[in-house]
Amino acid sequence: FGDKNNVQPRVGFSWDVWGNGRLAVRGGGGMIHNQLRNNLTLQQILSYPFYEQPVVRDTTLENPIRPVEGPPVIGQLYTTDPNIVQPYAVVYSVGFQWQFLNNTLLEMAYVGNRGYDLLQFREMNQPIFVAGQTTAATKDRFPPYPGFLSVLRAINWGKSGEKGLE
């Protein structure tokens, strides 16, 4: 899964404002790519047909192993979007340090990051609801992939962001 064509630029600066080493302004930023190695591989290995996770549903405390009516149900099936790309983050900061006494320093920084193309799972086995029927009546009868409780697909649609003062 490693994409060797991604460029990860970084830039930084430092400026001695008064030229006497008592007030400094510093900042920087960069782009950092995430690796896709282990998580996607493990989810495929621990998925059907290599691994079956039987599901026991609609049980009670009096009879916790009651057989499921209808076709047997396998737990989750994991799939991966074939057009998946490496997630990345843009990080940045700007701050200052001011030495206002010989042994006292004040420091403050504004920092932030934004994540793009983050991996998330999309449930592909949403039941097809039929007008006039209850959710309970249709949730197990009309899934696009019968026999699976859940079909999760790893895709790049996540975003994140944080900003703050330090």
*Heavy atoms only: give me the nearest D16-G21 pair and the separation to one decimal.*
OD2-N, 3.0 Å
*Does atom CZ of R122 have more than 12 heavy-atom neighbours from other groups under 6.0 Å away?*
no
*Tell me whether L101 is reachable from L106 by hopping between hydrophobic residues (I, L, V, M, F, W, Y) whose side-chain heavy atoms are closer than 4.5 Å.*
yes
*Heavy atoms of other groups near E162 CD, more than 12 under 6.0 Å*: no
*What are the two closest heavy atoms between P144 and Q126, and how far apart are they?*
CD-O, 3.0 Å
_For K159 against L118, the heavy-atom pair lying closest together_ = C-CD1, 3.8 Å
_Parallel, tilted or perpendicular, as decided by the 30° and 60° cut-offs, for the rings of W18 and W98_ = perpendicular
*asked:* Assess the residue pair Q99 and T104 against the criterion (side chain to side chain donor-acceptor pair (under 3.5 Å)); give the C-alpha distance rounded to whole Å, side-chain angles, the decisive distance to 0.1 Å, and a yes or no.
replied: CA-CA 6 Å; Q99 183 181 358; T104 307; over 6 Å; no
*When clusters are formed by joining ILVMFWY residues with side-chain heavy atoms under 4.5 Å apart, either directly or through shared neighbours, do L23 and V94 land in the same one?*
yes
_N34 versus Q86, closest heavy-atom pair with distance_ = O-NE2, 3.0 Å
*Taking every non-hydrogen atom, the tightest pair across F100 and L105*: CE2-C, 4.2 Å
*Which heavy atom in V7 sits nearest to a heavy atom in H33, and how many Å separate them?*
O-CE1, 3.4 Å
